[in-house]
2 protein chains.
Amino acid sequence: MDLSNINIEQYLRNNDVKPSYQRLKIFEYLVKHKNHPNVDTIYQELVSAIPTLSKTTVYNTLKLFLEKGIVQPILIEENEIRYDADVTVHGHFKCEICQEVYDIPLDLSDMKTEGLEKFIIKESHIYFKGICKRCNIANAQ
Amino acid sequence: MDLSNINIEQYLRNNDVKPSYQRLKIFEYLVKHKNHPNVDTIYQELVSAIPTLSKTTVYNTLKLFLEKGIVQPILIEENEIRYDADVTVHGHFKCEICQEVYDIPLDLSDMKTEGLEKFIIKESHIYFKGICKRCNIANAQ
DNA sequence: AATAAAATTGTAATCATTACAAAATAGTAT
DNA sequence: ATACTATTTTGTAATGATTACAATTTTATT
Ligand SMILES: [Mn+2]
Ligand SMILES: [Mn+2]
Ligand SMILES: [Zn+2]
Ligand SMILES: [Zn+2]
């Protein structure tokens with residue numbers, strides 16, 4: 001899903017989140033950058049524009065967004081939680097060289113899920129690790 | 001892959017791990033139980049049999065196993081790392097009721113990985129969250 | 001404007017993980 | 001077998017990310 005053209009204030013309201021300045025800016029950062037940042041990255045990137053910003057607010061806000069279902073945590077590396085404002089089912093690829101996390105369009109519909117009969121699937125997550133196209137080509141030079 | 005009938009001592013040696021008593025017991029626990037435990041569970045389950053066991057040793061040992069590629073970390077929940085001695089590609093399902101983590105046989109070969117041309121995939125991970133068969137049936141009563 | 005409710009902030013507390021050095025164990029040479 | 005060396009384990013202290021909490025600020029309501 002492409003959130004880049006939504007009205008963020010309205011989107012937050014529609015999802016039962018009062019759009020304070022900090023919440024707007026944090027969600028806007030996720031939507032604009034699509035870089036699956038962690039808490040610290042969000043804080044560091046915003047604190048210059050919002051000098052009074054507290055890291056606690058970033059934690060609180062992401063927790064709220066998670067509860068309201070408008071962000072999802074991306075778990076690829078141990079001891080690193082990244083966040084994604086795109087909550088539709090899609091895959092991720094993390095490059096071991098440049099550390100970047102790419103989105104991967106996915107069609108899981110025809111996947112054989114042998115052994116999951118009578119299981120209720122509420123969430124599906126898939127991710128890959130390896131070397132991205134850019135780093136692969138750069139290394140080949 | 002089924003590790004239940006291997007000679008654990010030999011398996012560790014083959015993978016460049018000296019089979020100390022603690023390492024044997026920790027790996028044996030993973031192989032025998034297949035429950036994808038976290039550090040604390042492993043420690044709690046073994047400390048009665050090995051009263052001198054230190055949690056640091058559990059951390060050290062799992063770190064070594066990871067480096068040697070004979071365990072993989074399972075990341076499903078935020079702030080919880082579980083470990084799996086089965087390092088072949090397979091999926092997992094975590095039940096939100098009983099918290100159990102199930103193995104899911106997977107065939108990712110025919111999955112459409114649009115957008116990954118020229119990417120080198122070294123690891124593939126997939127997991128689901130929801131309600132397991134047992135809890136689903138129990139709830140239906 | 002006064003009051004109440006909600007959100008933000010800064011600091012302190014917590015807790016999992018890591019660093020580190022001492023003790024114990026295993027391996028090797030004499 | 002003994003002395004010596006290397007490796008592993010252990011317990012404690014340090015680290016660092018996250019959470020708890022109360023004070024302050026902001027927003028909403030009367
Ligand atoms: Mn994404
Ligand atoms: Mn498994
Ligand atoms: Zn890269
Ligand atoms: Zn269950």
Side-chain angles (χ1 to χ4, degrees), chain A residues 8-13 15-30 36-68 70-83 99, chain B residues 8-13 15-30 36-68 70-83 99:
Chain A
I8 292 174
E9 186 172 338
Q10 194 56 53
Y11 185 77
L12 293 183
R13 280 192 212 284
N15 286 278
D16 194 26
V17 172
K18 284 192 191 172
S20 72
Y21 185 68
Q22 287 85 344
R23 290 170 179 175
L24 276 170
K25 286 300 179 184
I26 290 172
F27 198 80
E28 182 185 59
Y29 180 83
L30 290 168
H36 311 92
N38 59 21
V39 165
D40 204 59
T41 300
I42 296 170
Y43 173 76
Q44 295 300 338
E45 292 289 308
L46 292 182
V47 72
S48 51
I50 315 171
T52 62
L53 184 65
S54 163
K55 197 175 278 188
T56 298
T57 298
V58 181
Y59 278 107
N60 290 343
T61 301
L62 289 169
K63 186 166 178 245
L64 176 68
F65 289 171
L66 284 170
E67 286 164 6
K68 300 302 184 184
I70 59 175
V71 300
Q72 64 170 322
I74 305 294
L75 309 173
I76 298 182
E77 221 67 66
E78 308 167 52
N79 306 319
E80 180 182 55
I81 307 175
R82 290 164 170 256
Y83 295 89
Q99 313 295 315
Chain B
I8 293 174
E9 185 171 339
Q10 194 56 54
Y11 185 77
L12 293 182
R13 279 192 213 285
N15 286 279
D16 195 27
V17 172
K18 286 191 189 172
S20 72
Y21 184 69
Q22 288 84 345
R23 289 169 180 175
L24 276 170
K25 287 300 178 183
I26 291 171
F27 199 80
E28 182 184 59
Y29 180 83
L30 290 168
H36 312 92
N38 59 20
V39 165
D40 203 60
T41 299
I42 295 171
Y43 174 76
Q44 295 301 338
E45 292 288 307
L46 291 181
V47 73
S48 50
I50 316 169
T52 62
L53 183 65
S54 163
K55 197 175 279 189
T56 300
T57 298
V58 182
Y59 278 107
N60 289 343
T61 301
L62 289 169
K63 185 166 179 242
L64 176 67
F65 288 171
L66 285 169
E67 285 165 8
K68 300 302 185 182
I70 59 174
V71 299
Q72 63 169 321
I74 305 293
L75 309 173
I76 298 182
E77 222 66 66
E78 307 168 54
N79 306 319
E80 180 181 57
I81 306 175
R82 290 164 170 255
Y83 295 90
Q99 313 294 315

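Every chain is numbered from 1 and lettered A, B, ... according to where its sequence line falls, protein lines coming before strand lines. The structure displayed is predicted, hence computed values, not measured ones.
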Would you mind classifying the nucleic acid contact of [X] as base, sugar-phosphate or nothing, using non-hydrogen atoms under 4.0 angstrom?
X: Asn60(B); answer: base
X: Ser20(B); answer: sugar-phosphate
X: Lys18(B); answer: sugar-phosphate

Min side-chain heavy-atom separation Leu53(B)-Gln22(B) under 4.5 Å: yes
Ile42(A) vs Leu30(A) side-chain heavy atoms within contact, under 4.5 Å: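 In short, these two side chains touch, coming nearer than 4.5 Å.
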First of Lys63(A) and Leu53(B) reached from the 5' end of DNA chain D, by closest nucleotide: Leu53(B)
Measure the distance from [atom1] on [X] to [atom2] on [N] and round it to the nearest whole Å.
X: Leu62(A); N: dT8(C); atom1: CG; atom2: P; result: 12 Å
X: Lys55(A); N: dT9(C); atom1: NZ; atom2: P; result: 14 Å
X: Ile42(B); N: dT17(C); atom1: CD1; atom2: P; result: 11 Å
X: Arg23(A); N: dT9(C); atom1: CZ; atom2: P; result: 11 Å
X: Ile26(A); N: dT9(C); atom1: CD1; atom2: C1'; result: 13 Å
X: Leu64(B); N: dT18(C); atom1: CG; atom2: C1'; result: 16 Å
X: Glu78(B); N: dA17(D); atom1: CD; atom2: P; result: 17 Å
X: Ile81(B); N: dC15(C); atom1: CD1; atom2: C1'; result: 14 Å

Ring centres under 6.0 angstrom apart (Tyr83(A), Phe65(A)):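 Ring centres of Phe65(A) and Tyr83(A) not closer than 6.0 Å.
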Distance-only side-chain donor-acceptor flag, Asn38(B) / Thr41(B), under 3.5 Å: yes
Closest listed nucleotide, where the reference is the side chain of Thr52(A) and the choices are dT9(C), dT8(C), dT18(D): dT9(C)
Considering just the side-chain nitrogens and oxygens of [X], establish if one lies under 4.0 Å of OP1 or OP2 belonging to [N].
X: Gln22(B); N: dT25(C); result: no
X: Thr56(B); N: dG11(D); result: no
X: Tyr59(A); N: dT19(D); result: no

Backbone N/O of Thr57(B) and side chain of Thr61(B): donor-acceptor pair under 3.5 Å: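 Yes: the side chain of Thr61(B) pairs with the backbone of Thr57(B).
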